Number of protein chains: 2
Amino acid sequence: MKPTHSPFDSPCKTVTDIISLIGDKWSVLVIKSLGDGRLRFTEIKRSIDGVSQKMLTTTLRGLERDGYISRTVYPTVPMRVEYELTDLGVDLLEPISALGQWAVDNHHRVVSARRRYDGDADMENRALAVHA
Amino acid sequence: MKPTHSPFDSPCKTVTDIISLIGDKWSVLVIKSLGDGRLRFTEIKRSIDGVSQKMLTTTLRGLERDGYISRTVYPTVPMRVEYELTDLGVDLLEPISALGQWAVDNHHRVVSARRRYDGDADMENRALAVHA
DNA sequence: CAGTATCCCGCATGATACTG
DNA sequence: CAGTATCATGCGGGATACTG
């Protein structure tokens, strides 16, 4: 969204730039899916529950543009298109997986935090400091 | 659309659940900001360029609900509210930081991939222009 | 099969004003 | 200071139909 690519971009912007792609609904799932090897369009679609044709295409284009995946067209009839992680994509898989693993390991803590928060919803102030 | 929280949830859903919070525009920046220590509302706001009062509040509430940060109110006049990472938040900081570091280290690769991709698009446009 | 092309809706985000 | 309340809006994302 911000096309300002000055050499003095703050790390903030840089991080946001990368994270924003991660943040969308499907990119991470696609990358994870392709982590097992090259797949055809339909195979990716089947592997990800709930993704629409349009959003999968959009997601794949974004990932390809950023260099995370490669797209190979076989002009047979019917058409055949395969996607595969690039070296960059494989590299990204590492911190992504770490985050994913963290999510799996700590999901219960988040869930119980949510339950507690929602249970205390009727309280006005969640943490009143003792006025020293 | 309340997700069932059975112990047999697909990792897919679990990961998406956590990532979706990461994915929003400001959460990561807030967590990073609080990584340096407890801060007041205004201090966080100042440390993050471009965030509105409303979105910062919304983000902080979400992070508090999920147990990543704690909120402490000092009922002085004027009011004083401090935010701080919880243990869970500190734990999350680790994979987040790894991803952030990756972003900083590899941003140039993404940028050049984008330039190449967009450059190829220009080539196609030129070819079409010849026909016209 | 692997997309494009449209249409449409809801929510995330933002701007502004007000308050304890 | 640290928020709510309200209104406006852009676009993410789904449904559907069409195409090479």
Side-chain angles (χ1 to χ4, degrees), chain A residues 1-3 16 19-30 33-34 38-65 69-84 121-129 131, chain B residues 1-2 16-17 19-30 33-34 38-66 69-84 117 121 124-125 128:
Chain A
M1 315 308 171
K2 284 291 179 64
T16 305
I19 299 283
S20 66
L21 200 154
I22 306 305
D24 76 41
K25 204 169 175 181
W26 306 109
S27 291
V28 169
L29 297 177
V30 169
S33 181
L34 288 176
R38 51 166 40 204
L39 291 175
R40 300 180 60 173
F41 183 88
T42 312
E43 293 172 333
I44 302 174
K45 186 163 177 0
R46 267 200 305 270
S47 76
I48 301 177
D49 188 55
V51 68
S52 68
Q53 223 168 23
K54 175 188 172 181
M55 283 320 296
L56 182 54
T57 300
T58 304
T59 301
L60 288 168
R61 288 293 172 279
L63 292 174
E64 187 195 0
R65 184 171 108 96
I69 65 176
S70 65
R71 178 177 180 268
T72 310
V73 179
Y74 299 87
T76 56
V77 177
M79 212 179 186
R80 174 192 184 84
V81 179
E82 288 186 350
Y83 293 91
E84 189 178 19
D122 51 333
M123 294 177 61
E124 280 304 310
N125 291 314
R126 282 157 292 279
L128 269 184
H131 195 42
Chain B
M1 106 162 229
K2 272 285 182 183
T16 306
D17 189 26
I19 299 284
S20 66
L21 199 154
I22 305 306
D24 76 42
K25 205 169 174 182
W26 306 110
S27 290
V28 169
L29 297 178
V30 169
S33 181
L34 289 176
R38 52 168 37 206
L39 291 175
R40 302 180 60 172
F41 183 87
T42 312
E43 292 171 333
I44 302 174
K45 186 161 176 1
R46 266 200 304 269
S47 75
I48 301 176
D49 187 55
V51 68
S52 68
Q53 222 167 24
K54 176 186 174 183
M55 284 319 299
L56 182 54
T57 300
T58 303
T59 301
L60 289 168
R61 288 294 172 280
L63 293 174
E64 188 196 359
R65 185 171 106 96
D66 284 6
I69 65 175
S70 65
R71 175 176 181 270
T72 310
V73 179
Y74 300 86
T76 56
V77 177
M79 213 178 187
R80 174 191 184 85
V81 179
E82 288 186 348
Y83 293 92
E84 189 177 20
Y117 187 95
E124 290 178 38
N125 288 340
L128 289 176

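In this text, all values refer to a predicted model and were calculated from it rather than measured experimentally. Each chain gets a letter, A, B and so on, in the order the sequences are listed, and its residues count up from 1.
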Roughly how many Å is it from [atom1] in [X] to [atom2] in [N], rounded to a whole number?
{"X": "B:Leu56", "N": "C:dG14", "atom1": "CG", "atom2": "C1'", "answer": "14 Å"}
{"X": "A:Trp26", "N": "D:dG14", "atom1": "CH2", "atom2": "C1'", "answer": "10 Å"}
{"X": "A:Met79", "N": "C:dA2", "atom1": "CE", "atom2": "P", "answer": "8 Å"}
{"X": "B:Leu39", "N": "D:dA2", "atom1": "CG", "atom2": "P", "answer": "11 Å"}
{"X": "B:Lys25", "N": "D:dG12", "atom1": "NZ", "atom2": "C1'", "answer": "13 Å"}
{"X": "A:Arg80", "N": "C:dC1", "atom1": "CZ", "atom2": "P", "answer": "11 Å"}
{"X": "A:Met55", "N": "D:dT16", "atom1": "CE", "atom2": "P", "answer": "17 Å"}

Once side-chain contact (heavy atoms from CB on, under 4.5 Å) is applied, do any residues pair with A:Val73, and if so which ones, sequence neighbours excluded?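 side-chain contact (heavy atoms from CB on, under 4.5 Å) list for A:Val73, sorted by chain: A:Arg71, A:Met79, A:Val81.
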Going by the rule side-chain contact (heavy atoms from CB on, under 4.5 Å), which residues pair with B:Thr42 if we only count those two or more places apart in sequence or in a different chain?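 Partners of B:Thr42 under the side-chain contact (heavy atoms from CB on, under 4.5 Å) test: B:Arg46.
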So, is B:Tyr83 near the phosphate of D:dC1, with a side-chain N or O under 4.0 Å from OP1 or OP2?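 False: B:Tyr83 side-chain N/O out of range (4.0 Å or more) of D:dC1 OP1/OP2.
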Check whether any side-chain N or O of A:Arg40 sits under 4.0 Å from OP1 or OP2 of C:dA2, and answer yes or no.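 For C:dA2, OP1 or OP2 has a side-chain N or O of A:Arg40 closer than 4.0 Å.
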Proximity to the side chain of B:Asp24 - top-ranked nucleotide from D:dA2, D:dG13, C:dT13: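 Nearest listed nucleotide: C:dT13.
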With sequence neighbours left out, write down each residue that passes side-chain hydrogen bond (donor to acceptor under 3.5 Å, both in side chains) with B:Thr58, or none if nothing qualifies.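 With neighbours one apart ignored, the set is empty.
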If the sugar-phosphate is the primed atoms plus P, OP1 and OP2 and the base is the rest, what is the B/S/- string for nucleotides 4-10 of chain C, using protein heavy atoms under 4.0 Å? B-BB---
For [X], give me all partners under salt bridge (charged side-chain N to carboxylate O under 4.0 Å, His left out), at least two apart in sequence or on another chain.
{"X": "A:Glu82", "value": "A:Arg38, A:Arg80"}
{"X": "A:Glu64", "value": "none"}
{"X": "A:Arg65", "value": "B:Asp118"}

Report which part of the nucleic acid B:Lys45 touches: base, sugar-phosphate, or nothing (heavy-atom distance under 4.0 Å, all strands).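 Nothing: the residue B:Lys45, judged by heavy atoms under 4.0 Å, touches no strand.
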For the side chain of B:Lys45 and the backbone of B:Val51, is there at least one donor-acceptor N/O pair under 3.5 Å apart?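 Indeed, once roles are kept as given, a pair shorter than 3.5 Å links the two residues.
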Using five pairs at each end of the helix from C:dC1-D:dG20 to C:dG20-D:dC1 to define an axis, what is the angle between those two axes, to 10°?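 Comparing the first five pairs with the last five, the axes sit 50° apart.
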Criterion side chain to side chain contact (heavy atoms under 4.5 Å, CB included) on B:Tyr83 and B:Thr72, from CA distance to verdict: CA-CA 6 Å; B:Tyr83 293 92; B:Thr72 310; over 6 Å; no
N/O donor-acceptor pairs under 3.5 Å from side chains in residues 19-29 of chain B, not counting sequence neighbours:
from	atom 1	to	atom 2	distance (Å)
B:Ser20	OG	B:Thr16	O	3.2
B:Ser20	OG	B:Asp17	O	2.8
B:Asp24	OD1	B:Trp26	N	2.9
B:Asp24	OD1	B:Ser27	N	2.9
B:Asp24	OD1	B:Ser27	OG	3.0
B:Asp24	OD2	B:Ser27	OG	2.7
B:Ser27	OG	B:Leu21	O	3.3

